[in-house]
Number of protein chains: 2
Amino acid sequence: MDELDSAIVRLLQTDARQSNRELARQLGIAPSTCLERVRALTRRGVIRGYHADIDPAALNRGVQALVSVQVRPLSRVVIDGFKTFASGLPEVLHVFVLSGGDDFLLHVAVQDLDHLHAFLTDRLSKRGEITGFRTSLIFQQVSDTAPVRLPAPD
Amino acid sequence: MDELDSAIVRLLQTDARQSNRELARQLGIAPSTCLERVRALTRRGVIRGYHADIDPAALNRGVQALVSVQVRPLSRVVIDGFKTFASGLPEVLHVFVLSGGDDFLLHVAVQDLDHLHAFLTDRLSKRGEITGFRTSLIFQQVSDTAPVRLPAPD
DNA sequence: GTTGAAAATAACTCAGA
DNA sequence: TCTGAGTTATTTTCAAC
């Protein structure tokens, strides 16, 4: 990961569909060099994939919420089981496995408030390992689509 | 948004860099038709962009955390001010503006635990509007990179 | 809307620096 | 590791359906 790799990563985070030529032009290098760099980054696992960013409204997901969940007992079996269950639900965008006060955070996106209520009561409440959960509606969301590389730890 | 649009969106969520030809082949339509559909989806704002998915470790962001934050007073000025402040910090990946128990959730990614501590004490604690925050470390994360379109609300 | 074929661009390969 | 020219493939346009 030299400066050139960082610059490539930054540009592809911002716009993953720009051509290799355009990428090379912005970096001041030959297209073949740029292509080889991108391939090396992919081979090394630095670039994990490319995804289109879709407006949630177009997917009929006008309501988003964050649900923090506590489960007991905090065993590997229970944690892995709930993680697998939650990540398989169509309403769930992200599952975070946490330490601290909460054990899980679920980022969910549904059609409307009725469906959010149904999700909480029909899906979550039926799981015996859940000892409590708390729901916060998302009003706004700001995302950094191109997080930069930070200085290496000393 | 007919079935064809949904299929295009799903394929581009999974792999945004596949060629238009390949996309058209999978859908059983002509490349020019596919191109026109993609352009229409972009024009309508359904497709908002394309982003490379980068391994956080390559960006020296080995430690991720979720920080729930309460601010007071809950006025528009304070909310907008904190949102702008938080989204401008290099450590912050996402800012969620919430209702309910918490006012904000920050998804942060930093080099190590020392930097997380520094972020909490040097950045957050200095803001007068913050009346409390709570930090959870992220151990694992599962993401649905291709959320499907849900049935429209009745 | 959709299509197929032509023209314009880009991707990819590879030998040499 | 980088480059540039040659080959292969794709994108893009557009007239017709």
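Chain identifiers are assigned alphabetically (A, B, ...) following the order of the sequence lines, protein sequences preceding nucleic acid strands; residue numbering begins at 1 within each chain.
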If you round to the nearest 0.5 Å, how far is [atom2] of [Y] from [atom1] of [X]?
{"X": "B:D53", "Y": "B:S143", "atom1": "CG", "atom2": "OG", "result": "8.0 Å"}
{"X": "B:L66", "Y": "B:H94", "atom1": "CG", "atom2": "NE2", "result": "10.0 Å"}
{"X": "A:L23", "Y": "A:I29", "atom1": "CG", "atom2": "CD1", "result": "7.5 Å"}
{"X": "B:F96", "Y": "B:D103", "atom1": "CZ", "atom2": "CG", "result": "15.0 Å"}

Rounding to an integer number of Å, can you tell me how far [X] [atom1] sits from [N] [atom2]?
{"X": "B:Q18", "N": "D:dT10", "atom1": "CD", "atom2": "C1'", "value": "14 Å"}
{"X": "B:L27", "N": "C:dG1", "atom1": "CG", "atom2": "C1'", "value": "15 Å"}
{"X": "B:R25", "N": "D:dA9", "atom1": "CZ", "atom2": "P", "value": "15 Å"}
{"X": "A:L41", "N": "D:dT1", "atom1": "CG", "atom2": "P", "value": "12 Å"}
{"X": "A:L23", "N": "D:dC2", "atom1": "CG", "atom2": "P", "value": "14 Å"}
{"X": "B:I29", "N": "D:dC17", "atom1": "CD1", "atom2": "P", "value": "22 Å"}
{"X": "B:R43", "N": "C:dG1", "atom1": "CZ", "atom2": "C1'", "value": "12 Å"}
{"X": "B:R21", "N": "C:dG4", "atom1": "CZ", "atom2": "C1'", "value": "11 Å"}

Where each residue is assigned the nucleotide of DNA chain D containing its nearest heavy atom, which of A:R17 and A:R37 is assigned the position nearer the 5′ end?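 The residue closer to the strand's 5' end, by nearest nucleotide, is A:R37.
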
Looking just at side-chain N and O atoms, do A:H117 and A:D114 make a donor-acceptor pair shorter than 3.5 Å?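 There is no such pair (donor and acceptor under 3.5 Å, judged by atom type) between the side chains of A:H117 and A:D114.
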
Is there a donor-acceptor contact under 3.5 Å linking the side chains of B:S6 and B:R149?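 Their side chains do contain a donor-acceptor pair, which is all the 3.5 Å distance test asks for.
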
Residues in side chain to side chain contact (heavy atoms under 4.5 Å, CB included) with A:S32, at least two apart?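 For A:S32, the residues satisfying side chain to side chain contact (heavy atoms under 4.5 Å, CB included) (neighbours in sequence not counted) are A:A30.
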
Within less than 4.0 Å of OP1 or OP2 of C:dG1, is there a side-chain N or O belonging to B:T33?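 For C:dG1, neither OP1 nor OP2 has a side-chain N or O of B:T33 closer than 4.0 Å.
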
Does NZ or CZ of B:R127 lie under 6.0 Å from the centre of the six-membered ring of B:F85, at an angle within 45° of the ring axis?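 Judged by the rule (NZ or CZ under 6.0 Å from the ring centre, within 45° of its axis), B:R127 counts as positioned above B:F85.
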
Where the side chain of B:R61 meets the backbone of A:V148, is there a donor-acceptor pair that is under 3.5 Å apart?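 Yes; judged by distance alone, with no hydrogens or angles, the pair exists.
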
Would you indicate which nucleotide in D:dG4, C:dA10, D:dT11 comes nearest to any side-chain atom of A:S19?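 When the side chain of A:S19 is considered, C:dA10 is the closest of D:dG4, C:dA10, D:dT11.
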
What pairs of nitrogen or oxygen atoms, one from the protein and one from nucleotides 12-16 of chain C, lie under 3.5 Å apart?
| unit_1 | atom_1 | unit_2 | atom_2 | d |
| --- | --- | --- | --- | --- |
| C:dT13 | OP2 | A:R39 | NH2 | 3.1 |

Over the length of the helix from C:dG1-D:dC17 to C:dA17-D:dT1, how much do the five-pair end axes diverge, rounded to 10 degrees?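 The end-segment axes of the helix from C:dG1-D:dC17 to C:dA17-D:dT1 are tilted 30° relative to each other.
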
